[in-house]
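None of the values given here were measured: they were computed from a predicted structure.
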Amino acid sequence: QVHLVESGGGLVQAGGSLRLSCAASGSILSIRNMRWYRQAPGKRRDLVAAISRGGWANYVDSVQGRFTITKDDAKNTVDLQMTGLKPEDTGVYYCNADLMEKLKSDYMDYWGQGTQVTVSS
C-alpha cells in the first residue's frame, strides 16, 4: 500500500508565501507524474500544478509565475512553492501521484489527505 502525506499548509496574509510538501511512501517502483490539486469550499477539485518523470512542469494559468512545483526522485517527494498568495488561492491542497508499485504491472493514482491553505485579505 502506498501513502501520500502533505504538509506545510496554514494561514497566511495576501502576498505571503507557503511551501507545501508531499512525501510518497510504500513499495514504489516508479512515479510517472506528481500533481497538486486544490479544492475551494463549494467548488470542484482542480489541478494546480503537475510535474512529469522527466521534470516537465505545467501550471494552471491563475498560478503561473507565482507557484513552482519541484520533485526529489531519491526521496519520492514533491513540493509546491507558493508566492504572492491571493485570497482566491484558499482551499484544501491535495497531492496526487501516478505511480507503479513493486511487483505490479499497472500505474495507479494515489491521493494524500489534503492540507488546508487559507489566505486572508
Side-chain angles (χ1 to χ4, degrees):
Q1 184 66 41
V2 171
H3 293 89
L4 305 182
V5 179
E6 303 100 332
S7 62
L11 175 64
V12 65
Q13 292 185 353
S17 300
L18 284 174
R19 189 178 188 92
L20 306 183
S21 295
C22 172
S25 62
S27 186
I28 299 170
L29 178 63
S30 64
I31 299 176
R32 191 159 60 182
N33 300 284
M34 299 193 81
R35 310 176 183 94
W36 285 97
Y37 287 76
R38 73 181 171 203
Q39 186 169 23
K43 297 185 178 180
R44 71 183 70 186
R45 186 178 300 182
D46 291 328
L47 179 67
V48 175
I51 188 164
S52 71
R53 181 160 48 202
W56 301 101
N58 292 293
Y59 305 90
V60 68
D61 288 345
S62 61
V63 309
Q64 185 76 44
R66 299 188 296 118
F67 291 10
T68 302
I69 185 171
T70 57
K71 67 185 179 75
D72 186 332
D73 292 336
K75 299 178 180 179
N76 286 333
T77 60
V78 60
D79 288 2
L80 186 68
Q81 178 65 51
M82 306 185 294
T83 62
L85 284 164
K86 304 175 181 180
E88 50 263 44
D89 294 319
T90 293
V92 178
Y93 284 69
Y94 296 90
C95 178
N96 167 264
D98 173 24
L99 58 82
M100 183 181 295
E101 296 183 68
K102 294 178 180 177
L103 302 180
K104 296 186 179 180
S105 59
D106 295 321
Y107 284 91
M108 299 290 290
D109 277 347
Y110 292 85
W111 293 86
Q113 82 289 346
T115 185
Q116 177 71 44
V117 172
T118 302
V119 184
S120 64
S121 60

task: May I ask you to check whether Glu88 and Thr90 show a side-chain donor-acceptor distance below 3.5 Å?
output: no
message: In this structure, would Val92 and Trp36 fall into the same cluster of hydrophobic residues linked by side-chain contacts under 4.5 Å?
response: no
message: I need the Met82 CE to Ser17 OG distance, nearest 0.5 Å.
response: 8.5 Å
task: List the atom of Ala57, the atom of Ile69, and the distance in Å for their closest heavy-atom pair.
output: CB-CG2, 3.7 Å
- prompt: Hey, mind stepping through Asp79 and Arg19 against side-chain contact (heavy atoms from CB on, under 4.5 Å) and telling me if it holds?
  reply: CA-CA 7 Å; Asp79 288 2; Arg19 189 178 188 92; 3.1 Å; yes
message: Please tell me whether Ser52 and Asn33 have a donor and an acceptor in their side chains that are separated by less than 3.5 angstrom.
response: no
field: Min side-chain heavy-atom separation Gln1-Tyr110 under 4.5 Å
entry: yes
field: Side chain Gln116, main chain Gly9, donor-acceptor under 3.5 Å
entry: no
message: Looking at every non-hydrogen atom in both residues, tell me the closest pair between Leu47 and Ala49 and how far apart they are.
response: CD1-O, 3.6 Å
message: Could you walk me through whether Cys22 and Tyr94 satisfy the side-chain contact (heavy atoms from CB on, under 4.5 Å) test, starting with their C-alpha distance in whole Å, then the side-chain angles of each, then the deciding distance to 0.1 Å, before giving a yes or no?
response: CA-CA 9 Å; Cys22 172; Tyr94 296 90; over 6 Å; no
message: Is the shortest side-chain heavy-atom distance between Tyr37 and Asp46 below 4.5 Å?
response: no
statement: Separation between CD1 (Ile51) and OG1 (Thr68), nearest 0.5 Å, reads 10.0 Å
task: Let me see the working for Thr77 and Lys71 under side-chain contact (heavy atoms from CB on, under 4.5 Å), right down to the final yes or no.
output: CA-CA 6 Å; Thr77 60; Lys71 67 185 179 75; over 6 Å; no
statement: One should read off an interatomic distance between Asp73 CG and Asn76 CG, to the nearest 0.5 angstrom, of 7.5 Å
field: Side-chain (Thr118) to main-chain (Leu11) donor-acceptor, under 3.5 angstrom
entry: no
- prompt: Is there side-chain contact between Tyr93 and Gln39, with at least one heavy-atom pair below 4.5 Å?
  reply: no
query: Within a radius of less than 6.0 Å around CD of Gln13, do more than 12 heavy atoms belonging to other residues, nucleotides or ligands occur?
result: no
message: If the condition is side-chain hydrogen bond (donor to acceptor under 3.5 Å, both in side chains), which residues does Arg32 pass it with, not counting sequence neighbours?
response: Asp98
field: ILVMFWY clustering at 4.5 Å (side-chain atoms), partners of Tyr107
entry: Leu29, Met100
message: Using a 3.5 Å distance criterion without hydrogens, assess whether the side chain of Glu6 forms a donor-acceptor pair with backbone atoms of Thr115.
response: no
- line: Distance col, row Gln81:CD vs Ser21:OG, nearest 0.5 angstrom, shows 9.0 Å
- request: Assess Arg45 against Trp111: is NZ or CZ under 6.0 Å from the centre of the six-membered ring, and within 45 degrees of the ring's axis?
  value: yes
query: Can you tell me how far CE of Met34 sits from OG1 of Thr70, rounded to the nearest 0.5 angstrom?
result: 10.5 Å
- request: Decide, yes or no, whether a salt bridge links Asp106 with Lys104 under the criterion of side-chain N to carboxylate O below 4.0 Å.
  value: no
message: Looking at every non-hydrogen atom in both residues, tell me the closest pair between Leu4 and Gln113 and how far apart they are.
response: O-OE1, 3.6 Å
message: Determine whether Val78 and Cys95 satisfy the following criterion, side-chain contact (heavy atoms from CB on, under 4.5 Å), listing intermediate values before the conclusion.
response: CA-CA 8 Å; Val78 60; Cys95 178; 3.8 Å; yes
query: Do the side chain of Lys86 and the main chain of Val119 share a donor and acceptor less than 3.5 angstrom apart?
result: no
- prompt: With sequence neighbours excluded, what pairs up with Val63 under the side-chain contact (heavy atoms from CB on, under 4.5 Å) test?
  reply: Arg38, Val48, Tyr59, Val60, Arg66, Phe67, Asp89
field: Inter-residue atom distance Arg53.CZ - Ile31.CD1, 0.5 Å rounding
entry: 10.0 Å
- request: Please check if Leu20 and Val5 belong to a single hydrophobic cluster, counting links between Ile, Leu, Val, Met, Phe, Trp and Tyr side chain heavy atoms closer than 4.5 Å.
  value: no
